[in-house]
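Beneath this line is the structure, given in structure tokens, with notes to follow.
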There are 2 protein chains.
Amino acid sequence: MTTEEQILQTATKLFLEKGFAMTSTTEIAKEVGCNQALVHYYFRTKENLFMQVFMQKIRLFITAFTEKSAANEDFFERLERRICAHANMMEQNPNLPFLIMNELILNKERRCMIRDYIVENPMIRNIYYEFDKEIKEEIAKGVIRQIDTLDFLLNVLSLNVFIFVSAPIYTDLLDRTDKEKQAYISHRKEVVVKTLLNSLKP
Amino acid sequence: MTTEEQILQTATKLFLEKGFAMTSTTEIAKEVGCNQALVHYYFRTKENLFMQVFMQKIRLFITAFTEKSAANEDFFERLERRICAHANMMEQNPNLPFLIMNELILNKERRCMIRDYIVENPMIRNIYYEFDKEIKEEIAKGVIRQIDTLDFLLNVLSLNVFIFVSAPIYTDLLDRTDKEKQAYISHRKEVVVKTLLNSLKP
DNA sequence: GTCTATATAGTGATAGAC
DNA sequence: GTCTATCACTATATAGAC
């Protein structure tokens with residue numbers, strides 16, 4: 001691995017653990033084993049370095065919900081598969097939802113910066129459009145109750161994100177072991193799927 | 001208002017807006033209109049000042065769910081009233097859920113510090129115990145489906161908190177006005193109540 | 001490409017005058 | 001109680017040697 005890749009990898013790890021403000025370029029360099037000046041040689045500013053990490057993770061976060069369905073699954077099975085795919089992505093990047101929320105809330109510039117990427121991206125628009133069509137069909141068929149697609153997606157996001165935001169808090173607050181933390185996450189994943197599917201009942 | 005109170009008030013405002021790490025004592029002093037040394041004269045350290053703000057807000061956050069019920073309300077009406085009370089508290093302190101999450105996730109010491117307050121506080125234990133009894137009774141009566149009380153509370157927390165975390169992101173991402181942001185919050189509050197009540201159906 | 005050295009600016013905190 | 005002045009520290013970023 002080149003030094004540049006090492007810096008990017010270490011930066012990703014540290015930004016996820018501690019956020020933008022509390023991670024210094026000195027610390028990144030120290031963990032890579034090189035000099036602090038080198039971090040700036042490759043990425044010029046800390047902001048640049050962060051945005052590279054951030055946008056890559058944003059892409060991952062959004063595309064995770066687009067899990068393709070198997071041939072003969074019904075609507076609820078497909079839905080469950082997608083909700084789980086989204087949760088699994090976060091399980092593999094535990095602090096990711098937190099980092100995204102954190103930086104988007106504290107920094108208005110970053111909100112505006114990803115607007116172009118998310119809102120005006122035709123691929124993402126298309127993903128939404130397809131899902132919206134699906135939802136409306138099932139409502140028309142009477143399989144699920146009347147609900148707005150965006151509202152349902154926000155419900156999924158709320159419940160899924162909160163699993164991983166609350167897990168470290170839950171663990172320390174109730175003096176749990178790492179194994180119990182894992183059990184908490186698994187359990188919440190099940191509860192969230194059940195809650196979401198049940199909330200769609202007519 | 002005394003200078004000390006002014007400092008506390010301004011600190012509350014700035015910590016809520018920008019978090020602990022990105023608020024400096026210099027900035028607090030500047031906004032109060034006094035010298036930076038004075039902030040340290042009253043509170044000695046920035047950490048002290050923050051913890052005073054933080055614990056006061058934590059208390060507010062927890063007790064908000066304990067809205068007392070009117071005499072002749074049924075279970076679902078009481079539940080709705082509590083969920084709304086909790087949401088309204090956050091509406092009056094828009095960045096509060098975010099601040100709490102932020103500081104609890106990034107700072108293990110703070111997690112442990114509030115453990116004593118939350119987990120071992122007999123009043124809070126009692127609130128939980130009463131609600132748990134209520135839930136179990138309604139399950140026994142067949143009014144709602146089988147669900148763990150803690151799981152339900154986590155669902156409430158997830159959905160309610162996310163309304164206010166997502167509102168500023170939603171507003172900038174989709175170029176919304178302040179009035180539209182307000183409409184978003186009102187709408188989501190309704191959706192969340194409906195989703196939660198519907199998810200309890202047997 | 002990697003290093004040392006340094007410019008520049010900001011931080012939290014304290015000492016001491018008034 | 002409020003101020004000025006200052007210390008010690010850390011940060012980002014850059015210049016220049018090799």
Side-chain angles (χ1 to χ4, degrees), chain A residues 1-57 95 99 102-110 112-113, chain B residues 1-57 95 99 102-110 112-113:
Chain A
M1 198 171 7
T2 67
T3 309
E4 187 175 359
E5 287 167 335
Q6 275 184 66
I7 290 172
L8 199 63
Q9 193 186 35
T10 304
T12 302
K13 178 178 157 254
L14 289 177
F15 282 139
L16 277 170
E17 276 172 18
K18 329 198 313 171
F20 177 79
M22 300 191 71
T23 304
S24 67
T25 51
T26 313
E27 198 184 353
I28 295 169
K30 195 177 150 197
E31 191 151 327
V32 170
C34 70
N35 193 276
Q36 179 253 356
L38 213 55
V39 176
H40 290 273
Y41 168 76
Y42 281 114
F43 298 92
R44 203 171 58 82
T45 67
K46 181 184 165 185
E47 179 73 24
N48 272 349
L49 174 55
F50 179 78
M51 283 310 290
Q52 283 210 25
V53 171
F54 192 61
M55 290 310 291
Q56 191 221 322
K57 290 297 180 185
N95 273 334
L99 181 77
N102 201 345
E103 300 305 329
L104 286 186
I105 289 180
L106 290 182
N107 195 319
K108 198 183 163 82
E109 282 179 29
R110 296 214 180 100
C112 297
M113 190 156 293
Chain B
M1 192 166 19
T2 68
T3 309
E4 186 173 1
E5 286 166 336
Q6 276 184 67
I7 292 172
L8 200 62
Q9 195 185 33
T10 304
T12 303
K13 180 178 156 255
L14 290 176
F15 282 140
L16 276 172
E17 276 172 17
K18 329 198 314 171
F20 177 79
M22 301 190 70
T23 305
S24 66
T25 52
T26 313
E27 198 183 353
I28 295 169
K30 195 178 150 197
E31 192 150 326
V32 169
C34 71
N35 194 276
Q36 178 252 358
L38 213 54
V39 177
H40 290 274
Y41 168 76
Y42 282 113
F43 298 92
R44 202 170 60 81
T45 67
K46 181 183 164 186
E47 178 72 24
N48 272 349
L49 175 54
F50 180 78
M51 283 309 291
Q52 283 209 25
V53 171
F54 192 62
M55 290 311 290
Q56 190 221 322
K57 290 295 179 184
N95 271 334
L99 181 78
N102 201 346
E103 300 305 329
L104 286 187
I105 288 180
L106 290 181
N107 195 319
K108 199 183 161 85
E109 281 179 29
R110 295 215 180 98
C112 296
M113 191 156 292

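Order of the sequence lines fixes the chain letters, A, B, ..., with proteins taken first and strands second; residue numbering starts at 1 for each chain. Heavy-atom basis, side chains included; hydrogens, waters and symmetry copies ignored.
A:Leu14 has its CG atom 12 Å from the P atom of D:dT12, to the nearest Å. Computed from coordinates, the A:Glu4 CD to C:dT2 C1' distance equals 14 Å when rounded to whole Å. Rounded to an integer number of Å, the gap from B:Lys30 NZ to D:dT2 P is 20 Å. Between the CG atom of B:Leu38 and the C1' atom of C:dG16 there is a distance of 15 Å, rounded to whole Å.
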Evaluate the criterion side chain to side chain contact (heavy atoms under 4.5 Å, CB included) for residue pair A:Glu17 and A:Met22; output intermediate values, then yes/no. CA-CA 9 Å; A:Glu17 276 172 18; A:Met22 300 191 71; over 6 Å; no
Stepwise side chain to side chain contact (heavy atoms under 4.5 Å, CB included) check, A:Val53 with A:Phe20: CA-CA 11 Å; A:Val53 171; A:Phe20 177 79; over 6 Å; no
Step-by-step side chain to side chain contact (heavy atoms under 4.5 Å, CB included) determination, B:Leu106 to A:Asn102: CA-CA 11 Å; B:Leu106 290 181; A:Asn102 201 345; 4.1 Å; yes
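A:Glu47 places a side-chain heavy atom less than 4.5 Å from the side chain of A:Arg110.
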Under 4.0 Å protein heavy-atom contact, by nucleotide of nucleotides 10-15 of chain C - B base, S sugar-phosphate only: -SBBB-
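In summary, of the residues considered (A:Thr23, A:Leu38, A:Leu8), a side-chain contact (heavy atoms from CB on, under 4.5 Å) with A:Ile28 occurs for A:Thr23 alone.
The heavy-atom pair separating A:Leu49 from A:Phe15 by the smallest distance is CG-CE1, 4.2 Å.
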